[in-house]
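What follows is a short report on a single structure.
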2 protein chains.
Amino acid sequence: MEKQATIKDIARTLKISTSTVSRALRDTHDVKQETRKAVMELAEQLNYQPNQLALHLLKKQTHTIGVIVPNLDFVISTMVKGIDEVALEAGYTVMVCQSNESYGREIVNTKRLMDSLVDGFIVSLSCDTMLVDHIKKIQDKNKPMVLFDRVTSALNAPKVILDNEEAGFLATQHLIEQGYKRIAILSGPKKLELSNNRMEGYLKALKQNNIKVDKDLIVYCDFNQDYAYFATKELLAMKRRPDAIFAIADKMAIGAMLAIKEKKLNMPNDIGLVGMNNDPSTRLVTPTISTVEMPAFELGKTAAKMFIEMMHSDKDMNDEQIVLRPKLIIRESSLKIVGSK
Amino acid sequence: MEKQATIKDIARTLKISTSTVSRALRDTHDVKQETRKAVMELAEQLNYQPNQLALHLLKKQTHTIGVIVPNLDFVISTMVKGIDEVALEAGYTVMVCQSNESYGREIVNTKRLMDSLVDGFIVSLSCDTMLVDHIKKIQDKNKPMVLFDRVTSALNAPKVILDNEEAGFLATQHLIEQGYKRIAILSGPKKLELSNNRMEGYLKALKQNNIKVDKDLIVYCDFNQDYAYFATKELLAMKRRPDAIFAIADKMAIGAMLAIKEKKLNMPNDIGLVGMNNDPSTRLVTPTISTVEMPAFELGKTAAKMFIEMMHSDKDMNDEQIVLRPKLIIRESSLKIVGSK
DNA sequence: AAAATTGCCGGTAACGATTCCGGTAACGCT
DNA sequence: AGCGTTACCGGAATCGTTACCGGCAATTTT
């Protein structure tokens, strides 16, 4: 309707200076009770709201956090919820930008947000990201930044991640305990450290159980259902096909499941399957799919807390790294020996 | 590393005024080629980026759209992607805030964004929202706003929605054609117009086929899986239980499915089921669930386009309403008569 | 009674950029 | 020579707010 009232309007009608109004509105010091009251009342009446834009310029901060995520699937949007919660509490607003797993898009988004719009970043890398110069630019401009979930050792920054090696180990060890011998892994893009780490866990479990690694059982695959479906079809067409599959993300496990069903193979008897992330759909499908839970909400909260701490302290936190623990969830797709844990 | 260079820095080192620098940087008019070149080169060298904060204050706009959504499930995040795409194209950045289906949270988010942070809003209401005063405040401040998906007639604003009555009609008509007689509806909260509209479609289909409405078959239910699960259990425990269920959202259809499976009833023979939204999980479960597709991405894009138009034009668009058409997707859960369309 | 303290307030600069207005110098024309 | 035009540039205001400094009057201290 009408224009937003400013501090000047109050000053003018009350015939006092803007500085006094400003002080009355917050200081409480150096202002007569009477004046203060008058100012407060008029402010109320005019529905005065301080102009944040002016404050941003003055204080050189916006109390806004830029959150860059590869997409907004169930797990990531849960993380974002965690970030949101902590940020709101601390008085920050969150800007979420999806890079759609695209390197170029990630760069554009970063640039957009960087130009004085946000105070800092909380970032999870896209699959597609190979160079991290655009992220380094953030650090060059001295803006605090925390990496979470999909991180890279190419960047010296505080990180919040899952113990991915442990996750890979848990899943594989479980399959071994269930008596599976030829365990394939549907891994993610090699660029993604997270997928390499999960694979290391896989390899570690094999080694601990004296199982020889078969390179043919290691498949690198895009982080999506369709790709995993086709990759699994190929795996199942092998002469000596695997008798279990560990997919490093539930999306891929779903793709694998579809391929397995198409081949009329029975889970868990003919073939075992374990995914990762505890996506809700893994509980819904038949058979239900075993998975490794990642504490997504907690991870988001932790990342945001770290960011806030970084904002408020001056010490160098680039070496800090918080590692959360995964949890194995056993369901029908891999539970061959009933009664075993 | 070092401070961001400003226009003053350029002016000082070149010993010219800031106004000249400013003009050199964009006007191209009224500035000597030589000076202009020097400015450009120095700007490049110092990696000068205009301070957006200052511009925002001056121009009184931020080129930012506040998007308020109840949550970020699959459908909504698809809509957000659509918004994002159009907004980015038009030079706008998007701030997404989840209200978590909470009225209070919605108010807080709106307030946060309103205080000069965003140029306008694209809003989908939370389930919980009954009063819309906080939204009216947006309009009072003359900020453009577009409602989408979950709208309310209590607000006079441009709207982009699905034809929900048609959706309800399509689903119900399909069940009738498949021979189901006692068709129950799992509807949403009464506050939500969208759920009422879907119900109207349901009623219309019954009427057109001369089926008497049985009030016991109409269940109002929260927009989530658990609630639907319990509601369905009650429905199935009735003396004359329904032989089909139309759930007005796939989340609820999943809940219904779980209850049906628990009772060892067979879909589609013992009971039919149709959901709505075409959530990916409806394709994954056994049996696959029929659903009504909503063009979520398109809907998001349309809302954003409308917003941009509203920003750029002065005419009153509050009466505009764009209605997108739903599409029935028939799957196993309701396909009794094979070969029928 | 003079000095110091306190309470209260206003003026001004600053944040970084744009824009309007006015001014100066050079040049051309009559 | 005088005037008008053009090309180029600088000053100042502006956006809304806060912070610093200084000033004045009233009150207290010495």
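FYI, side chains are in, hydrogens and waters are out, and symmetry mates aren't considered; it's all heavy atoms of this structure. Chain letters run A, B, ... following the sequence lines, proteins first and then strands; every chain starts at 1.
Qualifying ring pair (Phe, Tyr, Trp, His ring centres under 6.0 Å) partners for A/Y103, counting only residues two or more places apart in sequence or in other chains: A/H134.
The aromatic rings of B/Y92 and B/F307 sit perpendicular, their planes meeting at an angle over 60°, well past the 30° parallel limit.
The distance from atom CG of B/L57 to atom C1' of C/dC15 is 9 Å, rounded to the nearest whole Å. In this structure, the CD atom of A/Q52 is 14 Å from the P atom of D/dG16, given to the nearest Å. Remark: P of C/dC15 and NZ of B/K8 are 4 Å apart, rounded to the nearest angstrom. Atom CG of A/L58 and atom C1' of C/dA13 are 11 Å apart (whole Å). In this structure, NE2 of B/H56 is placed 12 Å from C1' of C/dG16, rounded to the nearest angstrom. Look at CD1 on B/I10: it is 12 Å from C1' on C/dG16, rounded to the nearest Å. Here the C1' atom of nucleotide D/dT14 and the CD1 atom of A/I7 are 16 Å apart, to the nearest Å. Across the protein-nucleic acid pair, B/N51 atom CG and C/dC15 atom C1' stand 8 Å apart, rounded to whole Å.
Side chain of B/N100 to backbone of B/S102: no donor-acceptor contact under 3.5 angstrom is found.
B/L55 comes within contact range of the sugar-phosphate backbone alone, with a heavy-atom separation under 4.0 Å but no base atom that close.
For NZ of A/K191, the number of neighbouring non-hydrogen atoms (other residues, nucleotides, ligands) closer than 6.0 Å is greater than 12.
The residues B/K305 and B/E89 are annotated as not salt-bridged, no charged nitrogen and carboxylate oxygen being separated by less than 4.0 angstrom. The pair B/K81-B/D84 fails the salt-bridge criterion, with no side-chain N (NZ, NE, NH1 or NH2) lying under 4.0 Å from an Asp/Glu carboxylate O.
Note on B/K60: every side-chain N or O is 4.0 Å or more away from OP1 and OP2 of D/dT14.
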| request: For nucleotides 4-10 of chain C, just jot down a letter per nucleotide in 5' to 3' order: B, S or -, based on protein non-hydrogen atoms under 4.0 Å. | output: ----BBB
